[in-house]
S.K.: 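Dumping the structure here so I can ask a few things about it.
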2 protein chains.
Amino acid sequence: MRLTRFTDYAMRVLLYLGTRPDRICTIPEMTRAYGISQNHLMKIVHQLGRAGYVTSVRGRNGGIRLARPAAMINVGAVIRHSETQPGAEGLALLDCQTCRIAPACALTGVVDEALAAFFAVLERHTLADLLHGRTGALLDIFAATASEDPLPAATCVPPGFAR
Amino acid sequence: MRLTRFTDYAMRVLLYLGTRPDRICTIPEMTRAYGISQNHLMKIVHQLGRAGYVTSVRGRNGGIRLARPAAMINVGAVIRHSETQPGAEGLALLDCQTCRIAPACALTGVVDEALAAFFAVLERHTLADLLHGRTGALLDIFAATASEDPLPAATCVPPGFAR
DNA sequence: GGAATACATGTATATTGATTACATGATAGG
DNA sequence: CCTATCATGTAATCAATATACATGTATTCC
């Protein structure tokens, strides 16, 4: 039982953007901050854009910013959206589709109820909650890691970088 | 986000045994009832045995039975055990291990809380709850499926059966 | 005591989903 | 027009899980 890395990274993007509400951030920049795949991050950002969480600006001096205040971004909603996006497994915790006893099975209901409780907790939190009192510490980490592995300015991701 | 099929099958085994507290059941029999891999099922049953949920009897006329009353088998405990067994991913929903902001990240706590809520619901239910009022329907399904694909008595799983 | 049945256990292969990489297109500034 | 940045589709890789295979051990029945 785990969330996809897609979801994991989506939350990291939001946390990064949340610590810098003042300015526009780029994907290569976040790639460096977290040390993760730029291509993957781009798809995640794209998805977050389609879902209305971030706004992207193309072209030179472009980048990404939160589309709404952090207090209006619900953690549960983000995670639910990210886990159910096309291509992912979705939230079917059990394989009732091929199970012969499904019509008489009470487990489905119980598991559904548990899943609802899971999201109920997440939905009680917003991005602002996650940032509250931690913005400084996060910025420190980002500053430290950004300088850690200096990349040539020209090519943001040299061949074989990620990893 | 999903539970492993291992967990899924473990619950199916318990449900099967729970509908027949009177007699001892065999793995080939359950394999037929659910149409699933006998080898996999054997490992699941073995694991359930080690965890103290079922008792197995070797040799001719051997088989499996519940080691305790269905009311003493907690759904949450079974699922937690099955998801955390060695070789499985466990219950680390996020990859905090390699995440640089983990020390300052508030998401971990929120997700842990949500996971606790998930299991809290499951732990409110026992196998007996799942069976209550459904034993008849389940037995009907088992009876129907058992006769559906008649297997040679000698070899319980002919080559290429499962699937 | 031998054959048959059933669980026990370790290893290897296959399947599946997720992740990453690659390639190319589109847009905007300077 | 050249460069930086996001957009998008396809392909390859990787990891986890599930399945298959092979063999061992115990028990019962005849």
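Quantities reported herein were computed from a predicted structural model and do not represent experimental measurements.
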S.K.: Extract all donor-acceptor atom pairs below 3.5 Å that involve side chains of residues 64-74 of chain B and protein atoms in other chains or at least two apart in sequence.
M.R.:
| unit_1 | atom_1 | unit_2 | atom_2 | d |
| --- | --- | --- | --- | --- |
| Arg68(B) | NE | Gly52(B) | O | 3.4 |
| Arg68(B) | NH1 | Met72(B) | O | 2.9 |
| Asn74(B) | OD1 | Gly76(B) | N | 2.8 |
| Asn74(B) | OD1 | Ala77(B) | N | 3.1 |
| Asn74(B) | ND2 | Glu123(B) | O | 2.7 |

S.K.: When you match Gly59(A) and Phe6(A) each to their closest nucleotide on DNA chain C, which lands nearer the 5' end?
M.R.: Phe6(A)
S.K.: Hey, what bend do you get for the helix from dG1(C)-dC30(D) to dG30(C)-dC1(D) if you fit axes on five pairs at each end, rounded to 10°?
M.R.: 0°
S.K.: Taking only the side-chain heavy atoms of Arg58(B) (C-beta and beyond), determine which of dC7(C), dG25(C), dA16(D) contains the nearest atom.
M.R.: dC7(C)
S.K.: Closer than 3.5 angstrom, by distance alone: can the side chain of Ser82(A) be matched with the main-chain N or O of Val78(A) as a donor-acceptor pair?
M.R.: no
S.K.: Please tell me which of Val57(A) and Arg2(B) maps to the more 5' nucleotide of DNA chain D, matching each residue to the nucleotide holding its nearest heavy atom.
M.R.: Val57(A)
S.K.: With a 3.5 Å distance limit and no angle check, can you tell me whether Arg100(B) reaches the backbone of Ala33(A) through a side-chain donor-acceptor pair?
M.R.: yes
S.K.: Donor-acceptor pair under 3.5 Å: do we get one between Lys43(A)'s side chain and the base of dT10(D)?
M.R.: yes
S.K.: Enumerate the ring-ring contact (aromatic ring centres under 6.0 Å, His included) contacts for residues 104-124 of chain B, please, sequence neighbours excluded, ordered by first and then second residue.
M.R.: none
S.K.: Could you work out which one of dC6(D), dA23(C), dT19(C) sits closest to the side chain of Arg5(A)?
M.R.: dT19(C)
S.K.: Round to a whole Å and report the spacing from CE of Met42(B) to P of dA18(D).
M.R.: 17 Å
S.K.: Looking across every strand, which nucleic acid part, if any, lies under 4.0 Å from Gly63(A) by heavy atom: base, sugar-phosphate, or nothing?
M.R.: sugar-phosphate
S.K.: Figure out the CG/P separation between Asn39(B) and dA12(C), and round it to whole Å.
M.R.: 16 Å
S.K.: Select one nucleotide: of dT9(C), dA18(C), dA21(C), the one nearest the side-chain heavy atoms of Glu89(A).
M.R.: dA18(C)
S.K.: For the pair made of CD in Gln38(B) and P in dA18(D), what is the distance, rounded to whole Å?
M.R.: 18 Å
S.K.: Listed by chain and number, what are the ring-ring contact (aromatic ring centres under 6.0 Å, His included) partners of Tyr9(A), not counting sequence neighbours?
M.R.: His40(A)
S.K.: Where does the angle between the aromatic ring planes of Tyr16(B) and Phe142(B) fall among parallel (under 30°), tilted (30 to 60°) and perpendicular (over 60°)?
M.R.: tilted
S.K.: Tell me whether the OP1 or OP2 atom of dC29(D) has a side-chain N or O from Asn61(B) closer than 4.0 Å.
M.R.: yes
S.K.: Picking from dA8(C), dA18(C), dC22(C), which would you name as closest to the side chain of Ala88(A)?
M.R.: dA18(C)
S.K.: Please enumerate all residues that pass side chain to side chain donor-acceptor pair (under 3.5 Å) together with Arg5(A), with sequence neighbours excluded.
M.R.: none
S.K.: Whole-Å distance between dA7(D) C1' and Leu41(A) CG?
M.R.: 14 Å
S.K.: Under 4.0 Å, heavy atom to any atom of DNA chain C: which of residues 76-84 of chain B qualify?
M.R.: none
S.K.: Which nucleotide sits closest to the side chain of Arg60(A): dA7(D), dG29(C), dA20(D)?
M.R.: dG29(C)
S.K.: Does Ile27(A) offer a backbone N or O that forms a donor-acceptor pair with the side chain of Thr31(A) under 3.5 Å?
M.R.: yes
S.K.: Within the structure, does a side-chain N or O atom of His40(A) lie under 4.0 Å from either OP1 or OP2 of dA18(C)?
M.R.: no
S.K.: Hydrogens and angles aside, do Glu83(B) and Thr4(B) bring a side-chain donor and acceptor to less than 3.5 Å of each other?
M.R.: yes
S.K.: Counting just side-chain N and O atoms, does Ser56(B) come under 4.0 Å of either OP1 or OP2 of dA8(C)?
M.R.: yes
S.K.: Does dT20(C) have OP1 or OP2 sitting under 4.0 Å from an N or O in the side chain of Tyr9(A)?
M.R.: yes
S.K.: Let me know the distance between CZ of Arg65(A) and P of dT5(D), rounded to the nearest Å.
M.R.: 15 Å
S.K.: OP1 or OP2 of dG17(C) less than 4.0 angstrom from a side-chain nitrogen or oxygen of Thr4(A), does that happen here?
M.R.: no
S.K.: Could you tell me the separation between the CD1 atom of Ile44(A) and the P atom of dA18(C), rounded to a whole number of Å?
M.R.: 13 Å
S.K.: Distance-only, no hydrogens or angles: does the Tyr34(B) side chain make a donor-acceptor pair with backbone N or O of Cys99(A) under 3.5 Å?
M.R.: no
S.K.: Taking CG from Asp8(A) and C1' from dT19(C), how many angstroms apart are they, rounded to a whole number?
M.R.: 13 Å
S.K.: Rounded to the nearest Å, what distance is computed from the CG atom of residue Leu94(A) to the C1' atom of nucleotide dT17(D)?
M.R.: 16 Å
S.K.: Tell me what Gly49(A) touches on the nucleic acid: a base, only sugar-phosphate, or nothing, going by heavy atoms under 4.0 Å.
M.R.: nothing
S.K.: Against Leu130(A), only a single residue in Leu138(A), Leu14(A), Leu15(A) fulfils side chain to side chain contact (heavy atoms under 4.5 Å, CB included); can you say which?
M.R.: Leu15(A)
